[in-house]
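Single-structure report; data block below.
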Protein chains: 2
Amino acid sequence: MSSVKRSSAQRLRDALEDDIINGRLTPGERLDPEALGREFSVSRTPVREAIQQLVASGLVTVSPKKGTFVARIGIDQLIEMFEVMAELEGMCGRLAARRISEEELAALREALARCEAAAEAGDTDEYYYENETFHDCIYTASHNGFLAQEARQLKQRLKPYRRLQLQVRQRMGGSLAEHRKIVAAIEQGEAELAEQTLREHVLIQGERFSDFIASVKKLDASATRLDAPHDRTRA
Amino acid sequence: MSSVKRSSAQRLRDALEDDIINGRLTPGERLDPEALGREFSVSRTPVREAIQQLVASGLVTVSPKKGTFVARIGIDQLIEMFEVMAELEGMCGRLAARRISEEELAALREALARCEAAAEAGDTDEYYYENETFHDCIYTASHNGFLAQEARQLKQRLKPYRRLQLQVRQRMGGSLAEHRKIVAAIEQGEAELAEQTLREHVLIQGERFSDFIASVKKLDASATRLDAPHDRTRA
DNA sequence: AGGTCTATTGATGTATACATCAGCTCGCCT
DNA sequence: AGGCGAGCTGATGTATACATCAATAGACCT
C-alpha cells in the first residue's frame, strides 16, 4: 500500500530509469517521446514529465529542437563524480563506525558473508549484487538518511558506466579483502580507518583508469554514430 | 547570449527559487499554480513544469490532492544535511589546497579582504554576501566542477534555514579568524588542515543548536498554522 | 446527539491541439 | 559548380479542456 497507485509519469520514470541504469538504454541513445507514449499508452504530457524528472536526476539531457538523449557524461566529469562518490562512501563508513547498531552490524556481517560465498563460487553477477547490498548496509548504518540517499543517487547515476569495468573477476579477491578490513574497522569503531579504507576501496576501481577510459571512449565513439547528426558539442 | 531566451518554465523556476531562497516564500507556505500562472501570464503547464523542477531540487513538495507547498525540512533531516554540507566543504578545501591556481588564490585573498572590510564596518549583510563569495572561491578552486555544483546546490537548499541564525554579528569575528586559518592552510598546501578547519567552520554554526532548533521549531509552529487543514477560517 | 454515508469541491493528473523555432534540404542565383 | 537563401520539417514548448480522486462538509440514519 506504500505507493501502489502511482501516476503514469512516475511509472514511466521508473521504467526509463531502470532501462538506463541496467544498460538497456545506452548513453547517447535517443529517446522518442511519441514512441514512448505509444508503448505505454499515454499521451506526451506524462512522458514529458517523466523525462524532465530524469533530466533533473542527470540521467538524460534534452537539447531544444534537437532531441532528448540518454545523458552522456564526459570523462572529466566522470572522474569528478567518482571522486565525490569516494568521499561520500568514506563519510558513510566514518559515521557508521560510530553509530552502527547491533542489528545493522549483523546485517553487515551477513552481507560480507554473502560476498565471500559469491567470490568463492566465482559468481561475478552474484558478487556484484551482494557487493551493492554490502555498501548499502554501510549507507544505512551511517544513520544519516540524507547522506544515504545522496550516496545511492550518485551510485545509480554512475552505474551505467561502472558496467564497463569488465574485470570484476580479477577485482573480486582484492575487493573482498578490503571489505573485511572495512568491517573490522567499523566493528572496532575506528572511524578514521573505516573512512580511509572505504575511500580507497572506491577509488581503486578508478585506478585502472587506462582501461576504464578506453572503455568509455569506445562507448563514446559508438554512441556518437547513433544519436548525433554530426559531431556533438561536448557538454 | 548564453541563456537569454529561456523558456517560461525556466524563468518561473528561477523566480520561485529566488523567492524561496531569499525568504519571500517561507517553508510551509502554499503555492497556487493558477495564481502563479496569472501573475506571470502563462498557463498552468509551464507553472507545473517549474514546480516539478523545484520538487526535484527539494525546495518544494507536492502532496497529491492536497496542494503544493514550499518544502519544510524536519529538524532531524536538517542536521543531517548540515553534516553533509560540512563534509562537502571540507572536501573542497582539501582539494583546493592541492590544486588551487595563482589566479584563484588571488581571488580567494580578495574575498577574504572583503570579508575583513565588511566585518570591520560591522555590515552584517555585506559580510553575509562576501562570505558566500569566499566559500564559492573554494568550491571553484577544488577543480572538481561536479563537487562544486553539488555544494552550491545543497547550500541553496539550506539557505532558507540559515537565515534563521540571527546572531551573525556575534559570529563575524570568529568566522573571520577561521577564514584566515583556512586561507593559510590552502596557501601552504596543507590539505588535511584545510579540510578539518573548513569542516568545523561549517559545523560550528550548528553548534548553537539550542538557539537554532528553537528558531526552526518556532517557524514550524507558525507555518503549521498556515498550511494545515485545521485552519479553514481564512482560505 | 453522534456517527456514517454520500455528494460536492477543489486540487492534481492527463489528453489533445496549437505555437514556435532551429536545423535541414532543396532550389535559385551568381 | 558552388555558395547562399527561403521554405519545409520535425522537434520542443505552451495553452486549454477534461478526467480523476481524495479531502471535506453536509445531511441522513440510528
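The shown structure was predicted, so the numbers you read here are calculated from the model rather than taken from an experiment.
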Would you say that P33(B) contacts I51(B) through its side chain, given a criterion of any heavy-atom pair below 4.5 Å between the two side chains?
yes

Set of residues satisfying side-chain contact (heavy atoms from CB on, under 4.5 Å) with respect to R24(B), sequence neighbours excluded
D18(B), D19(B), N22(B)

Residues passing the side-chain contact (heavy atoms from CB on, under 4.5 Å) test with V42(B), sequence neighbours excluded, are S8(B), L12(B), F40(B), P46(B), V47(B)

Length of the CG-P vector between D32(A) and dA11(D), whole Å
6 Å

Round to a whole Å and report the spacing from NZ of K66(B) to P of dA23(D).
7 Å

Polar atom pairs between nucleotides 13-15 of chain C and protein, under 3.5 Å, N or O only, would you list them?
residue: dG13(C); atom: OP2; partner: R48(B); partner atom: NH1; Å: 2.8
residue: dG13(C); atom: OP2; partner: R48(B); partner atom: NH2; Å: 2.7
residue: dG13(C); atom: O5'; partner: R48(B); partner atom: NH2; Å: 3.4
residue: dG13(C); atom: N7; partner: R44(B); partner atom: NH2; Å: 3.0
residue: dG13(C); atom: O6; partner: R44(B); partner atom: NH1; Å: 3.3
residue: dT14(C); atom: OP1; partner: S8(A); partner atom: N; Å: 2.6
residue: dT14(C); atom: OP1; partner: S8(A); partner atom: OG; Å: 3.2
residue: dA15(C); atom: OP2; partner: S43(A); partner atom: N; Å: 2.6
residue: dA15(C); atom: OP2; partner: S43(A); partner atom: OG; Å: 3.1
residue: dA15(C); atom: N7; partner: T45(A); partner atom: OG1; Å: 2.9

For Q52(B) and Q52(A), does a side-chain donor sit closer than 3.5 Å to a side-chain acceptor?
no

Can you tell me how far apart OH (Y139(A)) and CD (E150(A)) are? Round to the nearest 0.5 Å.
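Here the rounded value is 12.0 Å.
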
